[in-house]
Amino acid sequence: MNENNLLYRIFLNACVSVTIGLIVVLLEYTALGESTIQANILWYILASGTVVGLVYEGLFSELLPLSGNHLRRHVLWRNRFICALVNAVIVAVLGKVMLGTGSSLIFLLLLSVLLCLAAIIVIGIASDIRYRHAVSEMNRRLKQLNSLTGDNDVTGEE
């Protein structure tokens, strides 16, 4: 992920929020027994995903950074969990506004929190695996480089 590109981070956050919003709305409509989704609900999900992406980036780029070499791993996990909870609350409140009075805020909140926490855990584990693989690859290349420079070492004795 290119963390230096602000538009990319906002786009990624908006895509995740829209996906979670669609899943939550589909589950809510299934629980209510609705058979069709109105088109304006889909536009609300897209708009709210964009809003959530902007809020997410605004809050967590400087206030609680979610990545960086200067942060310890437990701080990153804590910040990611805080971010997931804030994101879930925003998604649940926007979902309640979109769906109206027939939907339960508690149901939306629980579902959003569970989905956001599951996403953070899966993404965190995948990023840890990727990090370990990168470190092992770097070590392999360093060993290879050391063996190459060791073979060509000239001591000057002939």
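Leu110 belongs to a hydrophobic cluster whose remaining members, ordered by chain and number, are Ile106; membership requires side-chain heavy atoms of ILVMFWY residues under 4.5 Å apart, directly or through intermediates. Other members of a hydrophobic cluster containing Leu114 are absent, since no ILVMFWY side chain comes under 4.5 Å of it, directly or through relayed contacts.
Val122 is linked by a side chain to side chain contact (heavy atoms under 4.5 Å, CB included) to nothing, counting only residues two or more places apart in sequence or in another chain. Looking at residues two or more places apart in sequence or on another chain, you find a side chain to side chain contact (heavy atoms under 4.5 Å, CB included) between Ile129 and Ile125. In terms of the side chain to side chain contact (heavy atoms under 4.5 Å, CB included) criterion, residue partners of Leu109 (sequence neighbours excluded) are, by chain and number, Val89, Ala92, Val113. Partners of Leu46 according to the side chain to side chain contact (heavy atoms under 4.5 Å, CB included) rule, which considers only residues two or more places apart in sequence or in another chain, are Val18, Trp43. Among residues two or more places apart in sequence or in another chain, the side chain to side chain donor-acceptor pair (under 3.5 Å) test is passed with Glu137 by Arg140, Arg141.
In this structure, Tyr44 is a member of the same hydrophobic cluster as Leu26, with clusters built from ILVMFWY side-chain heavy atoms closer than 4.5 Å. If you chain together hydrophobic residues whose side chains sit under 4.5 Å apart, Ile20 and Leu27 fall into the same group.
The CZ atom of Phe107 sits 9.5 Å away from the OG atom of Ser112 when rounded to the nearest 0.5 Å.
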